[in-house]
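Worksheet: the structure to be examined is printed underneath.
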Amino acid sequence: MNVTALDPDDDRAYQVRVAGPAALLVAKLHKIAERVSVPHRLNDKDAHDAYRILIDADTMELAVALATSLLPADLVRALEQS
């Protein structure tokens, strides 16, 4: 992602790597799972964030990103060929 200054007179720009929807979803689900054992720490915000990721992200892109990140490479190749 290219990050630029808000000031139009500032021409600085940086190319940075940011987490995609699949990584954000995994992080949110992990946080929800951590909080299950501590009920007073559960809040709807994390679940709502996960919902918003699912609504906004392209389903196929999300599925491919999750599959390539979480499944063994040989299984991903087999899925791609089918």
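The structure presented is a predicted model; accordingly, all values stated were derived computationally and were not measured.
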Which residues pass the side chain to side chain donor-acceptor pair (under 3.5 Å) test with [X], sequence neighbours left out?
| X | answer |
| --- | --- |
| Arg12 | Asp10 |
| Glu61 | none |
| His48 | none |

Could you work out, with side-chain contact (heavy atoms from CB on, under 4.5 Å) as the rule, every residue matching [X], not counting sequence neighbours?
| X | answer |
| --- | --- |
| Asp74 | Pro72, Arg77 |
| Leu54 | Leu25, Leu62 |
| Thr4 | Asn2, Ala13 |
| Ala33 | none |

When Ile, Leu, Val, Met, Phe, Trp and Tyr are grouped by side-chain heavy atoms lying under 4.5 Å apart, directly or through other members, which residues fall in the same group as [X]?
| X | result |
| --- | --- |
| Ile55 | Tyr51 |
| Tyr14 | Met1, Val3, Val16, Val18 |
| Val64 | Met60 |

Problem set entry | Expected output: side-chain Ser69 to main-chain Leu66 donor-acceptor under 3.5 Å | no
Seminar exercise, completed: The reported gap from NZ in Lys45 to CD1 in Ile32 (rounded to nearest 0.5 angstrom) is 10.5 Å
Problem set entry | Qualifying side-chain hydrogen bond (donor to acceptor under 3.5 Å, both in side chains) pairs, either residue in residues 18-28, two or more places apart | Lys28-Asp46, Lys28-Asp49
